[in-house]
Amino acid sequence: MGGPSLMTADIPRAVRSPVDPETLAQFSSSNGLYHCLFAEQFDRPIIERLIKLTDHLRALTKTKAGDDFVASVLSNKRAMLYFSQPSTRTFLSFQNACHILGMNTCEIRDPRTSSQMKGESFEDTIRTFASYVDLIIIRHFENGFAEHAARTLQGTHRPVPIINAGAGTYQHPTQALLDVYTMNRYLPGGIDGKTLMLVGDLQRGRTVRSLALMMRNYKDVRILFVSPPQFRMMPDILGALKDSGISYEETEDFEGALAQADTVYMTRVQDEHDTAGESRTVDIGRYCLRPEHLRFMKKSSIILHPLPRRDEIHPDVDADPRAAYWRQERNGLWTRAALMAVTLGIENILLERKA
Ligand code: NCD
């Protein structure tokens, strides 16, 4: 039975990190960012610009007059959210960030409701989106989908920017951006010199891959990769860290790592990528944060999680002042607004307006 399929056979799947500088340059513009596809696109100056703009947006929108101003600047623009995988936070934070900036939004959350089911090609589908909107935000189960969309639009008469809101098991650059913003905001003295502990399914978690790459922008940082042997971080990321002189360690000693960490970053098992239920055979219970673990942790440390959580963080941990994941989730709203403001060229208009 050869009916239309949502799989796109021609999309390159062999996506390894780090992405080479020539590829990165193709997707950038004179202001540093155009398409946002990979964590490697965020260098330290861009991160610092985005942090500054995020803080400014938060300050500006504290008053009704400021909020109205921010919502006026892009009121002639429209954004599309194309999400072919489940999402709560990323979808809602992007959608609400668009609204903060005054953009209207439209969405496809189930590709089976699109003309792809009538056999329309992937390329024609993307060109159709670009006909109606000024920015496309994509979450997709295929690793190279957002990148391929960006390439497809190059050279067409409406090459609108693409933002990757989560690509298969590959990358989640805007999550890494909000994670970095959150660490910078709550760690005393910022991220330089700090130890980041990444816990859980490091093999298939796209958030930890992007975040590890982002750490290459910081001085004297150390990463502790804590996972069961079946879920170890992939060699491409370890190689990228090695080449950048970032020191890291792989360990199964959860409690020992907790005592050293400034940021404890928990993640869930990504069992949607199982081929035969193999996650069920992995003992993940040893890598769950419970109230009795809190005494091992530094007073000044923070606990993050991209969410959604299952058992990785016991709900009783939420009351600890170091639990920063709910604030992290909210930070996603503001960092995504700042990112889209840069992408659409209104950074200076916003910065010129006094809070
Ligand atoms: C993450 C994702 O989708 O990769 N969620 C998110 O975007 N906040 C993490 C996850 O689903 O485990």
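When a ligand or atom number is given, it counts from 1 through the structure's own listing order.
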| query | Can you tell me the protein heavy atom closest to atom 3 (O) of ligand 1 and the distance? | reply | Arg206 NH2, 2.9 Å
| What part of Gln85, side chain from CB on, backbone N/CA/C/O, both or neither, has a heavy atom under 4.0 Å from ligand 1? | neither
| said: Quick check on contacts: which atoms of ligand 1 are under 4.0 angstrom from a heavy atom of Thr90? | reply: 6 (C), 7 (O), 8 (N)
| message | I need the nearest protein heavy-atom contact for atom 8 (N) of ligand 1: residue, atom name and distance, please. | response | Pro306 O, 2.9 Å
| query | N/O of Pro308 under 3.5 Å from N/O of ligand 1, yes or no? | reply | no
| message | Between His148 and Phe122, does the ring pair (Phe, Tyr, Trp, His ring centres under 6.0 Å) criterion hold? Intermediate values first, please. | response | CA-CA 9 Å; His148 192 55; Phe122 161 79; 4.8 Å; yes
| query | Which one holds for Thr207 and ligand 1: side chain close, backbone close, both close, or neither close, with close meaning a heavy atom under 4.0 Å? | reply | side chain
| Under the 3.5 angstrom rule, does the side chain of Thr61 hit a backbone N or O of Arg58 as a donor-acceptor pair? | yes
| query | Think Arg353 forms a cation-pi with Phe69, using NZ or CZ under 6.0 Å from the six-ring centre and within 45 degrees of its axis? | reply | yes
| Under 6.0 Å from the six-membered ring centre of Tyr82 and within 45° of its axis: does the NZ or CZ of Arg139 meet both? | no
| Distance filter under 4.0 Å to His172 heavy atoms, resulting ligand 1 atoms | 2 (C), 4 (O), 6 (C), 7 (O)
| field | Contact atoms of ligand 1, heavy-atom distance to Arg268 under 4.0 Å | value | 10 (C), 11 (O), 12 (O)
| request: Provide the number and element of each atom of ligand 1 under 4.0 Å from a heavy atom of Gln175. | output: 6 (C), 7 (O), 8 (N)
| field | Salt bridge flag under 4.0 Å for residues Asp262 and Arg222 | value | no
| Should Glu312 and Arg268 count as an ion pair when the cut-off is N to O under 4.0 Å? | no
| request: Distance to 0.1 Å, residue and atom name: give those for the protein heavy atom nearest to atom 9 (C) of ligand 1. | output: Leu307 O, 3.7 Å
| message | Looking at Ala165, is its backbone amide N or carbonyl O close enough to the side chain of Gln171 to form a donor-acceptor pair, meaning the two atoms are under 3.5 Å apart? | response | no
| field | Donor on one side chain, acceptor on other, Gln116 and Thr125, under 3.5 Å | value | no
| remark: Taking only non-hydrogen atoms of Gln270 and a 4.0 Å limit, the atoms of ligand 1 in range are 10 (C), 12 (O)
